[in-house]
Amino acid sequence: MPLSSVANPIDKREIPFYENVGNECAMFEHAFRQRLPLLLKGPTGCGKTRFVSHMAAKLGRPLFTVSCHDDLTSADLTGRYLLQGGETRWVDGPLTRAVREGGICYLDEVVEARKDVTVVLHPLTDDRRLLPLERTGELLEAPDDFMLVVSYNPGYQHILKSLKPSTRQRFLAMSFDFPPPKVERDIVARESGLPGEQCAALVNLAASLRAMKGQDLEEGVSTRLLVYCATLIAAGVPILEAARATLVEPLSDDADVQEGLMEAIQATFG
């Protein structure tokens with residue numbers, strides 16, 4: 001089954017850290033209580049996945065995360081018959097499990113999936129809240145505590161890889177971006193253990209690198225990469241080595257661009 005999915009049982013005592021920036025946590029709760037599907041839009045590494053994990057734990061619901069890709073089909077989400085122990089048995093996919101168990105199904109980068117995936121989602125994203133399983137003849141009605149959440153990065157949209165208006169208008173939508181500098185500094189410090197003043201320098205550097213997006217870089221440096229960099233520095237890795245491994249090599253393969261990134265880094269840290 002060509003699928004990357006994770007189902008996490010939730011312990012509300014272990015809620016993943018997420019720093020609320022606006023009203024996103026309240027809006028997520030409203031969507032969940034009112035049984036409405038949710039679309040998250042934002043750049044890579046800005047916190048969308050952590051946000052969903054945080055909210056699933058906060059609401060006490062199991063989370064089924066699917067990383068969408070070109071080969072992802074509707075059968076990967078709903079399930080298929082598999083040969084097990086000499087017998088053919090039906091095995092639920094992550095979407096079907098979320099519907100049966102009353103969990104949150106999160107489809108990350110949904111535009112990467114094949115077009116037949118959205119066809120399966122449509123009856124779950126209106127007042128029917130149904131999941132038809134053609135191969136088993138079942139018609140599952142989603143319980144009140146089921147929620148569908150999808151995300152994508154608008155910066156990577158392609159004319160052949162975008163959500164149709166008929167699909168987009170089935171969701172509530174929220175836009176995400178990188179946190180304000182003070183919030184991002186606190187996030188990086190908490191996640192890495194690096195002192196706040198050093199994290200502030202990293203966040204200032206990130207602002208400079210993000211300004212290069214659309215010119216030399218396809219995408220700006222993510223908060224995730226800042227955490228990686230801070231984690232290495234806190235572990236004793238020299239700053240320039242840590243920065244090259246986390247803020248240069250992942251962002252570009254072009255030697256000239258890498259040189260420009262290193263110059264910006266050296267100007268920040270000396």
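Treat the numbers as computed from the prediction; the structure is a model and nothing was measured.
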Applying a strict under-4.5 Å side-chain criterion to I, L, V, M, F, W and Y, I'd like to know whether Leu240 and Ile233 cluster together.
yes
Gap separating the CD1 atom of Ile187 from the CZ atom of Arg224, nearest 0.5 angstrom:
12.5 Å
Among residues at least two apart in sequence or on other chains, which ones pass salt bridge (Lys or Arg N to Asp or Glu O under 4.0 Å) with Asp145?
Arg61
Tell me if the CD atom of Gln169 is crowded by more than 12 foreign heavy atoms within 6.0 Å.
no
Inter-residue atom distance Arg114.CZ - Leu72.CG, 0.5 Å rounding
9.0 Å
With sequence neighbours left out, which residue pairs that include part of residues 27-43 fulfil the side chain to side chain donor-acceptor pair (under 3.5 Å) condition?
Glu29-Lys58, Arg35-Asp144
For Glu141, I'd like to know if atom CD has over 12 heavy atoms of other residues, nucleotides or ligands within 6.0 Å.
no
Examine Phe32 and Tyr18 and state if one hydrophobic cluster contains both, with Ile, Leu, Val, Met, Phe, Trp and Tyr joined whenever side-chain heavy atoms are less than 4.5 Å apart.
yes
Taking only distance into account, with no hydrogens and no angle test, what donor-acceptor pairs under 3.5 Å do side-chain atoms of residues 246-254 form with protein atoms, sequence neighbours excluded?
{"unit_1": "Thr246", "atom_1": "OG1", "unit_2": "Ala242", "atom_2": "O", "d": "2.7"}
{"unit_1": "Glu249", "atom_1": "OE1", "unit_2": "Gln258", "atom_2": "NE2", "d": "3.1"}
{"unit_1": "Ser252", "atom_1": "OG", "unit_2": "Asp254", "atom_2": "N", "d": "3.0"}
{"unit_1": "Asp254", "atom_1": "OD1", "unit_2": "Asp256", "atom_2": "N", "d": "2.9"}
{"unit_1": "Asp254", "atom_1": "OD1", "unit_2": "Val257", "atom_2": "N", "d": "3.0"}

Ring pair (Phe, Tyr, Trp, His ring centres under 6.0 Å): pairs with one or both residues in residues 98-119, sequence neighbours excluded
none
Nearest 0.5 angstrom please: Leu82 CG to Arg89 CZ, how far?
9.5 Å
Can you list every ring pair (Phe, Tyr, Trp, His ring centres under 6.0 Å) pair that touches residues 212-237, not counting sequence neighbours?
none
Could you list all the salt bridge (charged side-chain N to carboxylate O under 4.0 Å, His left out) pairs where at least one residue sits in residues 257-270, not counting sequence neighbours?
none
Determine which pairs satisfy ring pair (Phe, Tyr, Trp, His ring centres under 6.0 Å) with at least one residue from residues 163-202, sequence neighbours left out, and list them in order.
Phe51-Phe176
Not counting sequence neighbours, which residues clear salt bridge (Lys or Arg N to Asp or Glu O under 4.0 Å) with Arg50? List them please.
Glu191
Presence of salt bridge, Lys182 and Asp186, under 4.0 angstrom
yes
With sequence neighbours excluded, residues passing ring pair (Phe, Tyr, Trp, His ring centres under 6.0 Å) with Tyr81
Trp90
Geometric cation-pi criterion Arg190 and Phe17, 6.0 Å radius, 45° cone
yes
Verify side chain to side chain contact (heavy atoms under 4.5 Å, CB included) between Asp70 and Glu112, making sure each step is shown before the conclusion.
CA-CA 5 Å; Asp70 290 340; Glu112 297 295 330; 3.6 Å; yes
Stepwise side chain to side chain contact (heavy atoms under 4.5 Å, CB included) check, Val52 with Thr49:
CA-CA 5 Å; Val52 177; Thr49 299; 5.9 Å; no
If hydrophobic clusters are built from ILVMFWY residues whose side chains come within less than 4.5 Å, do Leu63 and Leu36 share one?
yes
So CE of Met27 and CE of Met55: to nearest 0.5 Å the spacing works out to 11.5 Å
Partner of Asp92 under side chain to side chain donor-acceptor pair (under 3.5 Å), chosen from Arg97, Arg80, Arg100:
Arg100
Within a strict 4.5 Å, meaning less than it, do heavy atoms of the Val120 and Leu77 side chains meet?
no
Criterion side chain to side chain donor-acceptor pair (under 3.5 Å) on Ser151 and Asp108, from CA distance to verdict
CA-CA 5 Å; Ser151 72; Asp108 187 24; 2.8 Å; yes
I'd like to know if Val21 and Val149 are part of one continuous hydrophobic network [Ile/Leu/Val/Met/Phe/Trp/Tyr, side-chain heavy atoms within less than 4.5 Å].
no
Stepwise side chain to side chain contact (heavy atoms under 4.5 Å, CB included) check, Leu232 with Glu241:
CA-CA 9 Å; Leu232 290 180; Glu241 289 183 25; over 6 Å; no
Do Leu59 and Leu40 belong to the same hydrophobic cluster, where Ile, Leu, Val, Met, Phe, Trp and Tyr are linked whenever their side-chain heavy atoms lie under 4.5 Å apart, directly or via other members?
yes
Name each donor-acceptor pair under 3.5 Å that joins a side chain in residues 193-210 to protein atoms two or more places apart or in another chain, with its distance.
{"unit_1": "Asn204", "atom_1": "ND2", "unit_2": "Ala200", "atom_2": "O", "d": "3.3"}
{"unit_1": "Arg210", "atom_1": "NE", "unit_2": "Val221", "atom_2": "O", "d": "2.8"}
{"unit_1": "Arg210", "atom_1": "NH1", "unit_2": "Glu184", "atom_2": "OE1", "d": "3.1"}
{"unit_1": "Arg210", "atom_1": "NH2", "unit_2": "Glu184", "atom_2": "OE2", "d": "2.7"}
{"unit_1": "Arg210", "atom_1": "NH2", "unit_2": "Val221", "atom_2": "O", "d": "3.1"}

Tell me, do Leu124 and Leu95 make a side-chain contact under 4.5 Å, heavy atoms counted?
yes
Contacts of type salt bridge (Lys or Arg N to Asp or Glu O under 4.0 Å), residue Asp116, not counting sequence neighbours
none
Would you give the length of the straight line joining atom CD1 of Ile239 to atom CD1 of Ile265, rounded to the nearest 0.5 angstrom?
11.0 Å
Restricting to pairs with a member in residues 117-127, which pass side chain to side chain donor-acceptor pair (under 3.5 Å), not counting sequence neighbours?
His122-Thr167, Asp126-Arg128, Asp126-Arg170
Just verifying a value: how many Å separate Thr78 OG1 and Leu131 CG, rounded to the nearest 0.5 Å?
7.0 Å
